[in-house]
Amino acid sequence: MSFETIHVPLGDRSYDVRVGQGLLATAGAQIAPILHRARVAVLTDETVAARHLDTLESGLDAAGIQMVSLALPAGEATKSWPALEKSVEWLLSERIERQDVLVALGGGVIGDLAGFAAAILRRGVRFVQIPTSLLAQVDSSVGGKTGINSPHGKNLVGAFHQPSLVLADIGVLDTLAPRDFLAGYGEVVKYGLLGDADFFQWLETNGPALAAGDRALRSRAVCRSVEMKADIVARDETEQGDRALLNLGHTFCHALEAATGYSDRLLHGEGVAVGCALAFEMSARMGLCSQEDPSRVRVHLKSMGMKTDVADIPGDLPGPEEFIALMGQDKKVIDGQLRLILARGIGDAFVADDVPGDILKSVLQDALSAR
Ligand code: GLY
């Protein structure tokens, strides 16, 4: 087993993120120091359970920790009121107490749902994230955003509830389908674009080998992403300011996800990649960054075989005006004013409060008509 530790400094809500190999098989030893009794409840999904639950169970057993588990159906539909109710009632029926620890074993859906269940169970119990997707390892498992979707939209019901420990086992990424891995890579690229030009350059060099399975490179990419996220979350835990930078590409992405019905046509991380390319195009047209920057972003995404342009999304999409209306549903809208994360260059993003509507419309017109 070998791992690196990134500390998330949040006062009495501080915790470690461990990134490396063999963490699942040694989860018992990792988790034992924070337990009051040798028993945990594990929330997972059926796909992840089939692949990884036995390894977790023997890892816990090796440290004398018993586990009970509930596997929910895999997929976004599980981030829902019915699944939350089922999870919380199950935890109560298993007599999970205030001092106990809940373990979230899965991707972003399970992490967000289990974190929210932990936030409200008996007014709050601790939880450990064991993220099994690249997207969850670099983004959703760190920072304490938990919640479920509402019929009114994604992530509209939730709470900030920080985990007590995050175990990101790089080995579990081997079992991801290439499309899911690359979707998570969209979030990795986002970190370079928003705040670390050297990291983006490193990804340009190492991205292909990393996607092909090199674990040392994967570990490095996850560590750097988590370091950047930890730094931003430590500055702005509840997104009053800088944390919004983590949403680079996301306002475009949320509109694309809504326009594609949250379906398999577009995975979240794919939408983030396309959204980052659009944010750089917008920045260049506003004269904020050079014309070369959006080209460089697109060249890298394309060279990784990722969805890069709106034209890469199959099926029909609405026109620019309807698209702008969908962007207006974003949580970053304040008093009806659209706020976008734009960039002065690669690695230099900022929150723009006054986005010129005519430039936005022309960027979208060109993107949508190139189909
Ligand atoms: N995924 C964005 C954030 O955690 O703030």
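Quick note: residue numbers are just sequence positions, from 1.
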Under 3.5 Å donor-acceptor, Asn247 side chain and His250 backbone:
no

- When you measure from the side chain of Arg224 to the backbone N and O of Tyr191, does any donor-acceptor pair fall under 3.5 Å? no

Any salt bridge between Arg265 and Glu270, counting N to O under 4.0 Å? no

Minimal heavy-atom distance between Ala277 and Leu301, with the atoms involved, is CB-CD1, 4.4 Å

One should read off an interatomic distance between Leu338 CG and Leu340 CG, to the nearest 0.5 angstrom, of 4.5 Å

Is it the case that the side chain of Thr55 and the backbone of Ala25 share a donor-acceptor pair, with hydrogens and angles ignored and the cut-off at 3.5 Å?
no

Quiz item: Quick one: do the Tyr15 and Gln162 side chains pair a donor with an acceptor below 3.5 Å?
Solution: yes

With side chains defined as the heavy atoms from C-beta onward, is the minimum distance between Arg37 and Gln99 less than 4.5 Å? no

**Request:** I would like to know whether Val88 and Leu84 meet side-chain contact (heavy atoms from CB on, under 4.5 Å); could you show each step before the answer?
**Result:** CA-CA 6 Å; Val88 170; Leu84 179 71; 4.2 Å; yes

**Asked** Is Asp45 reaching over with its side chain to a backbone N or O of Thr47, donor-acceptor style, under 3.5 angstrom?
**Response** yes

Looking only at heavy atoms, the pair that brings Ser140 and Gly108 closest together is OG-CA, 3.5 Å

Does Ser58 reach the main-chain N or O of Asp54 with its side chain, forming a donor-acceptor pair under 3.5 Å?
-> yes

Any heavy-atom pair between the side chains of Lys79 and Phe116 that's under 4.5 Å?
no

query: Are side-chain heavy atoms of Thr175 and His52 found at a separation under 4.5 Å?
result: yes

Report yes or no: do Lys145 and Asn155 form a side-chain donor-acceptor pair below 3.5 Å? no

Practice task
Answer yes or no: does atom CD of Glu4 have more than 12 heavy-atom neighbours from other residues, nucleotides or ligands under 6.0 Å?
Solution key: no

same_hphob_cluster(Leu91, Val40) at 4.5 Å side-chain heavy-atom cutoff
no

Considering only NZ, NE, NH1 and NH2 on the basic side and carboxylate oxygens on the acidic side, decide whether Arg298 and Glu281 come within less than 4.0 Å.
no

**Item:** Any Ser141 side-chain heavy atom under 4.5 Å of Val166 side chain
**Value:** yes

Of Arg126, Glu97, Arg98, the one forming a side-chain contact (heavy atoms from CB on, under 4.5 Å) with His36 is Arg126

* Asked: Would His300 and Phe200 count as a close aromatic pair, with their ring centres under 6.0 Å?
  -> yes

**Item:** Non-hydrogen side-chain atoms of Phe252 and Val310 separated by less than 4.5 Å
**Value:** no

- Indicate yes or no: does Arg39 engage Asp100 in a salt bridge with an N to O separation below 4.0 Å. no

| query | Would you say the side chain of Ser69 lies within less than 4.5 Å of the side chain of Leu53, judging by non-hydrogen atoms? | reply | yes

So, are Lys302 and Asp312 salt-bridged, with charged N and O less than 4.0 Å apart?
yes

Just do the side-chain contact (heavy atoms from CB on, under 4.5 Å) check on Phe3 and Val17 with the steps written out, would you? CA-CA 10 Å; Phe3 62 85; Val17 181; over 6 Å; no

Candidate pair Phe199 and Val189, rule side-chain contact (heavy atoms from CB on, under 4.5 Å), full reasoning
CA-CA 9 Å; Phe199 182 48; Val189 171; over 6 Å; no

**Carboxylate-amine/guanidinium proximity below 4.0 Å for Asp354 and Arg339** = no

Fill in: Side chains of Asp169 and Gln21, donor plus acceptor under 3.5 Å
no

Taken to the nearest 0.5 Å, the spacing of Ser290 OG from Arg296 CZ works out to 9.0 Å

Checklist entry - When hydrophobic residues are tied together by side-chain contacts of less than 4.5 Å, even through go-betweens, does Leu248 share a cluster with Leu134? => result yes

Any Leu326 side-chain heavy atom under 4.5 Å of Pro318 side chain:
yes

Begin from the C-alpha positions of Val19 and Gln137 and carry the test side-chain contact (heavy atoms from CB on, under 4.5 Å) through to its verdict. CA-CA 9 Å; Val19 180; Gln137 292 193 352; 5.7 Å; no

Heavy-atom closest pair (Pro356 atom, Met282 atom, distance to 0.1 Å) is O-CE, 3.9 Å

Minimal heavy-atom distance between Ile6 and Ala230, with the atoms involved, is CG2-CB, 4.0 Å

Taken to the nearest 0.5 Å, the spacing of Ile232 CD1 from Arg243 CZ works out to 9.0 Å

Interatomic distance, CG@Leu360 vs CG@Leu278, rounded to 0.5 Å, equals 9.5 Å

On a heavy-atom basis, the closest approach of Val272 and Gly186 is CG1-O, 4.0 Å

field: CD (Gln365) with more than 12 external heavy atoms under 6.0 Å
entry: yes

Inset, instruction - Taking only Lys NZ, Arg NE, NH1 and NH2, and the carboxylate oxygens of Asp or Glu, determine whether Asp174 and Arg218 approach each other closer than 4.0 Å. - result: yes

Checklist entry - When you measure from the side chain of Glu89 to the backbone N and O of Ser87, does any donor-acceptor pair fall under 3.5 Å? => result no

(Q) Would the distance check show the side chain of Asp61 and the main-chain N or O of Gly64 forming a donor-acceptor pair, the cut-off being under 3.5 Å? (A) no

Notebook entry, point to check: Hey, does the side chain of Arg235 reach the backbone of Asp242 with a donor-acceptor pair shorter than 3.5 angstrom?
Noted result: no

Compute whether any side-chain donor of one residue and acceptor of the other, for Arg18 and Gln30, lie under 3.5 angstrom apart. yes

Polar side-chain atom of Asn149 near backbone of Gly153 as donor-acceptor pair, under 3.5 Å = no

- Is it true that the side chains of Ser283 and Arg344 contain a donor and an acceptor less than 3.5 Å apart? no

What one should report as the nearest heavy-atom pair of Ile110 and Thr44 is CD1-O, 3.3 Å

Between the CZ atom in Arg285 and the CG atom in Leu342, the distance rounded to the nearest 0.5 Å is 13.0 Å

- Query: salt bridge (charged side-chain N to carboxylate O under 4.0 Å, His left out) between Arg179 and Asp264: does it pass, once the steps are laid out?
  - Reply: CA-CA 11 Å; Arg179 185 177 176 199; Asp264 204 32; 3.5 Å; yes

Could you see if Leu135 belongs to whatever hydrophobic cluster contains Leu173? Use Ile, Leu, Val, Met, Phe, Trp, Tyr and a side-chain cutoff under 4.5 Å. no

| message | Do Leu210 and Trp202 make a side-chain contact, defined as non-hydrogen atoms from C-beta onward lying under 4.5 Å apart? | response | yes

Practice prompt. Report whether Leu24 and Leu102 are members of the same hydrophobic cluster (ILVMFWY, side-chain heavy atoms less than 4.5 Å apart, transitive linking).
Written response: no

Report task. State yes or no: are the ring centers of Tyr262 and His268 separated by less than 6.0 Å? Result -> no

### Query
Do any N or O atoms from the side chain of Thr78 and from the backbone of Pro73 form a donor-acceptor pair under 3.5 angstrom?
yes

For residues Leu167 and Val48: do they belong to one hydrophobic cluster (side chain heavy atoms under 4.5 Å, members Ile, Leu, Val, Met, Phe, Trp, Tyr)?
yes

Taken to the nearest 0.5 Å, the spacing of Leu193 CG from Ile341 CD1 works out to 13.0 Å

